[in-house]
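See below for the structure under consideration.
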Number of protein chains: 2
Amino acid sequence: MASIAAPLKLGSFPDDHHDHKKCVTQALRQADGICTTRGVRLTDMRRQVFALVWQSHNPVGAYEVLEGLRAGAKKVQPPTVYRALEFLLAQGLIHRIESLNAYIGCTVPGDAHAGQFLICRDCGQAAELIDQRIDAAIDQGAKSAGFYVEHPTVELEGLCAHCRSTSEANSHYE
Amino acid sequence: MASIAAPLKLGSFPDDHHDHKKCVTQALRQADGICTTRGVRLTDMRRQVFALVWQSHNPVGAYEVLEGLRAGAKKVQPPTVYRALEFLLAQGLIHRIESLNAYIGCTVPGDAHAGQFLICRDCGQAAELIDQRIDAAIDQGAKSAGFYVEHPTVELEGLCAHCRSTSEANSHYE
DNA sequence: TTTGAAATGTTACAATATAACATTCAAGCT
DNA sequence: AGCTTGAATGTTATATTGTAACATTTCAAA
Ligand SMILES: [Zn+2]
Ligand SMILES: [Zn+2]
Ligand SMILES: [Zn+2]
Ligand SMILES: [Zn+2]
């Protein structure tokens, strides 16, 4: 069997021990619970889209989701996908990564939050971060400009720990 | 005559006293200087695109720029615009606002920086911020995740001071 | 003045997203 | 069960944003 810890810690990228199947299963169960509690419907279509967004820890484009659905012998059109994504965004079950025009599953659904993202330019994976100090600094900075922040976008592109060491090792040959 | 202070302070939105013509003139002069110093060419096309991006303090889409160029009796195509934008981005003369697919003139060109943006959802204007504390908090947060940030995107949508008071005044009637 | 690289022109298309209207579905009511 | 209604999805068409590939022009150095 694979590992014990299925849900990923905030701000961390999956390692060799990561059991992604478990990870997805847990996300689906959580989503079910949240939707039931709220009295909104996680229909089959929405559930499929959610699962496709969660297919990996890389942000997924809407048209990738579309292809995923079509692989299931259905003839789905773009609006269907965008509607499902819209629903999932509204429920806080996924986030949109603006700098990639892509979507990723939320690591901490259920409670409202903005979400900050670490996006590795090498492996393409993204990790969600919820750093109080970043939020505080942003509120501070905005406040001193008399600005009221409603919807912050924080997307940090760079290198994850793993790719960092890898590319450093390779940098001798480049 | 209009006002004295043409260049906008960091993090501030233009007020009634803002002399935008001066604002643009100064930006163009700065850009000329920077390009000369660096030995890169701010061609006529690039200069026009730059001026169009600076036409207001609202982020401007690539196709808006295209229209602006075409208004000048030219038959320009998209690649021309995107190339000019790419050049201006590379030189740090403009920034791209990811959450809007749009571009805005840099308030502090010349020295390399990431740039954080306050974007008013009401008036549509955007103000650049360079807040050391936000940068520091981000670096801290990323570092504790073992992540190395190369290209941060910080875009804060909300209400500017002016629109905030306006919409509060109107909120009685909504 | 040649000449080569940089810049722009041109054509065609890819990728992302939405408008508008039709149909189906599912839950509550009779 | 059958009816009603709003939500969800289907369907068609198109808008918006962005690039690939190759041709031509421009400009500065040799
Ligand atoms: Zn996982
Ligand atoms: Zn990585
Ligand atoms: Zn101005
Ligand atoms: Zn405003």
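Just so we're on the same page: letters track the sequence lines, and every chain starts at 1. Note that these values count all heavy atoms, side chains included, but never hydrogens, waters or copies made by symmetry.
- For the pair B:Asn101 and B:Val76, nearest-nucleotide mapping onto DNA chain C gives the more 5' position to B:Val76.
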Practice item. Could you please spell out the steps behind the salt bridge (Lys or Arg N to Asp or Glu O under 4.0 Å) verdict for B:Arg164 and B:Asp122? Key: CA-CA 9 Å; B:Arg164 202 174 163 189; B:Asp122 194 7; over 6 Å; no
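- The nearest pair of heavy atoms linking B:Val60 to B:Val53 is CG2-O, 3.8 Å.
- A:Leu85 has its CG atom 15 Å from the P atom of D:dA8, to the nearest Å.
- Atom P of nucleotide D:dA7 and atom CD of A:Glu86 are separated by 14 Å, given to the nearest angstrom.
- The environment of B:Glu86 atom CD is sparse: at most 12 non-hydrogen atoms of other residues, nucleotides or ligands sit within 6.0 angstrom.
- Mapping heavy-atom proximity under 4.0 Å, the span of DNA chain C touched by chain A runs 5' to 3' from C:dT16 to C:dA26.
- Residue-level contact check: A:Arg47 touches neither bases nor backbone, having no heavy atom under 4.0 Å from any strand.
- Spacing between atom CD of B:Glu64 and atom C1' of D:dA15 amounts to 15 Å, rounded to whole angstrom units.
- A straight line from CE of B:Met45 to P of D:dT24 spans 19 Å, rounded to a whole angstrom.
- If you measure from atom CD of B:Gln77 to atom C1' of D:dG18, you get 14 Å, rounded to the nearest angstrom.
- Among residues at least two apart or in separate chains, side chain to side chain donor-acceptor pair (under 3.5 Å) pairs with a member in residues 98-110 of chain B are B:Arg96-B:Glu98, B:Arg96-B:Asn101, B:Arg96-B:Tyr103, B:Ser99-B:Glu155, B:Thr107-B:Glu128.
- Residues passing the ring-ring contact (aromatic ring centres under 6.0 Å, His included) test with A:Tyr82: none are found, sequence neighbours excluded.
- Of the two residues contacting DNA chain D, namely B:Pro78 and B:Arg41, the nearest-nucleotide position lying further toward the 5' end is that of B:Pro78.
- The phosphate of D:dG18 (OP1 or OP2) has a side-chain N or O of B:Tyr82 nearer than 4.0 angstrom.
- Note: CG (A:Asp44) to C1' (D:dA7) measures 16 Å, nearest angstrom.
- Using a 4.5 Å cut-off on side-chain heavy atoms (C-beta onward), B:His113 and B:His95 make contact.
- OP1 or OP2 of D:dT9 lies within a sub-4.0 Å distance of a side-chain N or O belonging to A:Thr43.
- At D:dT17, none of the side-chain N or O atoms of B:Arg96 fall inside 4.0 Å of OP1 or OP2 (strictly under the cut-off).
- Residue B:Arg83 is in base contact, counting any heavy-atom pair closer than 4.0 Å across all strands shown.
- If you take OH of A:Tyr63 and C1' of D:dT16, they are 11 Å apart, rounded to a whole angstrom.
- Between A:His57 and A:His20, the angle of the ring planes goes over 60°, which puts this pair in the perpendicular group of the 30/60° scheme.
- Where B:Phe87 and A:Ala62 each meet DNA chain C at their nearest nucleotide, the meeting point lying more 5' is that of B:Phe87.
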